[in-house]
Amino acid sequence: MTLWLLVPFLALAAIVQTAWLPLLSVFGYKVDLALVLVVLWGLVGPIGQAAQWGFIVGIFLDLTSGLPFGLHTLALTVIGFLVGWSQTTFFRGNIITPPATLMAATLSYDVLILAFLSLFGWRIVWQDYLLRVTLPTAILNAVVAPLAYFPLQWLQRRLYPRMEL
Amino acid sequence: MYSSPRNRNAVVLILVVLALLLLILFQTGQLQPLIDLALGWFQPLLGGAVGMSARARDVTGSLGDVAAMRARINELQTQLDELSNSRVRIRELESENTLLRQQLGYKQSNPDFDLVGAAVLERAPDLAHVIGQDPSNLVRYIIVDQGSAEGVKPGMPVVTPQGLVGRVTATGAHWAKVLLITDPSSSVNAVVQSTRATGIVQGESGNLATNNLVIKYVPQGEAIKTGDLILSSGMGGSFPKRLVIGQVSEVRKHDIELFQEATIKPAVDFTRLESVLILKKFTPSDITQEPTPTPTPIPKPTRTPTPAQ
């Protein structure tokens, strides 16, 4: 996908996550759409592109976040890279792979952000955050994974018809 | 996409270094003009999206007489809020009256003291629309459409007619980021209205489902019970006095601990925040800074004209 299409697409994803998804929250938890897109594109898209997606969507998220600027960008780029790397290492055609990868990615993403916040002097109660925020968010992200996985798979087939999944 | 794995890894490395650079530049404050510029461009899109979602919610609610009922409910809710606020004000005035009577008695019994009364700072609220919530579940911020161009500064308290919302932490030309009182990193000095017991209100870490707050560091001897109203105490200088925070829903007391704590149901419905008020004329004071004495200019001796002899 060219940058001219990718940037507006990811800007739209960030807007949806910031403006609309809070209205659709489940017990106060909202889907981390940007993370879902980056992780799933890491699974279905060309190797290395997910990190690029993570960088671009991360900047949009940082604009609207109260967290230090660059934290979402850094975390999503790293997660995008790790997922892209894992697709070359592990089998990715399994139906369990998208939700399982999203669970692991959500955990890694939150741990990375919390670690940096801790480094910046924020008081972090790890147990509370991991059990009461990260775990439910990871489950929610995993549940919605199929809803985004198949459209992204379709997009991948349209954009890269010669690429094997 | 990339010609070789080496190129691919190089690109990822560059992106990671760029992200780290952004983080460092932000920490040193050099990124602010760029963020302001980017958010200035992004803000109308966000505002439009929030407006669309509000309209979509209205459309779905207009089946049958639902819209009319909603309007009536809103009207009644406004009246209820006004009555609740009046009740709070009356009780506060009663307390103040008692206190002033005591002070008057004190002044009359101590005629040698030079006592000066102090007034609460003037408040001039400005309406701001919420244009987004923090994208992460880890923290609780909102972004509003009023910024430094409208006179908004970091530290200013943010309220609704129902009660305290939070405080401004960052501003751009036409936007401000507000840390909600439900975030665990937020602290508000508070007082129990009925007993005047003091404590610190913080967000309950990790509890996104209820948005509840916790009042901590209330001494064991102080009375606090379910239903008590919690107000800001004004101590510390971050928030004005008497802003409604919420109502006690559960008290936790253990004999082996120095302090008791209680869960508070916030007065503000944080899930439905659409517009807020920013108290612009309230200047937060930093109590960690010692006041610097202003040097008084030494008057120059003026030469007195000598009378002509």
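Scope of the values below: all heavy atoms of this structure, side chains included, with no hydrogens, waters or symmetry mates.
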Practice prompt. Determine, step by step, whether F81(A) and N9(B) satisfy the side chain to side chain contact (heavy atoms under 4.5 Å, CB included) criterion, reporting the C-alpha distance in whole Å, the side-chain angles of both residues, the deciding distance to 0.1 Å, and the verdict.
Written response: CA-CA 9 Å; F81(A) 167 70; N9(B) 290 342; 3.8 Å; yes
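- A pairwise comparison of heavy atoms in R123(A) and P184(B) identifies NH2-O, 3.9 Å as the closest pair.
- Taking a 6.0 Å sphere around CZ of R252(B), one finds it holds more than 12 heavy atoms contributed by other residues, nucleotides or ligands.
- Note: Q43(B) CD to T64(A) OG1 = 11.5 Å, rounded to the nearest 0.5 Å.
- Around atom CZ of F259(B), more than 12 heavy atoms belonging to other residues, nucleotides or ligands sit under 6.0 Å away.
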Worksheet item: Hey, mind stepping through W122(A) and V139(B) against side chain to side chain contact (heavy atoms under 4.5 Å, CB included) and telling me if it holds?
Response: CA-CA 11 Å; W122(A) 290 43; V139(B) 286; 3.8 Å; yes
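- Minimum interatomic distance between L15(B) and F55(A) (heavy atoms only, all atoms of both residues): O-CE1, 3.5 Å.
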Worksheet item: Could you go step by step and tell me if L22(B) and I59(A) meet the side chain to side chain contact (heavy atoms under 4.5 Å, CB included) rule?
Response: CA-CA 9 Å; L22(B) 287 175; I59(A) 286 182; 4.2 Å; yes
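- Using a 4.5 Å cut-off between heavy atoms, L12(A) does not touch chain B at all.
- Distance check, rounded to the nearest 0.5 Å: CZ of F120(A) to CD of Q27(B) gives 4.0 Å.
- Contacts between A34(A) and chain B at a heavy-atom distance below 4.5 Å are absent for every atom of the residue.
- Ranked by heavy-atom pairs under 4.5 Å with chain B, the list A51(A), A19(A), G66(A), G58(A) is led by G66(A).
- No part of Y109(A) comes within reach of chain B, as not one of its non-hydrogen atoms sits under 4.5 angstrom from that chain.
- Here S25(A) contributes atom OG and Q133(B) contributes atom CD; the two are 8.0 Å apart, rounded to the nearest 0.5 Å.
- Ranking L46(B), I143(B), T169(B), I142(B) against chain A, the residue ahead of the rest is L46(B), based on heavy-atom pairs under 4.5 Å.
- Your options are T73(A), T77(A), L63(A), L74(A), and the one with the most heavy-atom pairs under 4.5 Å with chain B is L63(A).
- Proximity to chain A (any heavy atom under 4.5 Å) is restricted, for L31(B), to the side chain, taken from C-beta onward.
- Comparing D110(A), I124(A), V125(A) by how many heavy-atom pairs each has under 4.5 Å with chain B, the most go to D110(A).
- Heavy atoms only, all atoms of each residue included: L138(B) and Y129(A) are closest at O-CE2, 3.4 Å.
- In this structure a side-chain-to-backbone donor-acceptor pair under 3.5 Å is present from N137(B) to K30(A).
- When the candidates D183(B), I35(B), L179(B) are compared by the number of heavy-atom contacts under 4.5 Å with chain A, I35(B) comes out ahead.
- Contact between P135(B) and L61(A) at its shortest, heavy atoms only, is CB-CD2, 3.7 Å.
- Nearest heavy-atom pair, F26(B) versus P68(A), reported as atom, atom and distance to 0.1 Å: CE2-CA, 3.4 Å.
- Heavy-atom minimum distance, I15(A) versus A49(B): CG2-CB, 3.3 Å.
- Separating the CG atom in D134(B) from the CG atom in L67(A) is a distance of 5.5 Å, to the nearest 0.5 Å.
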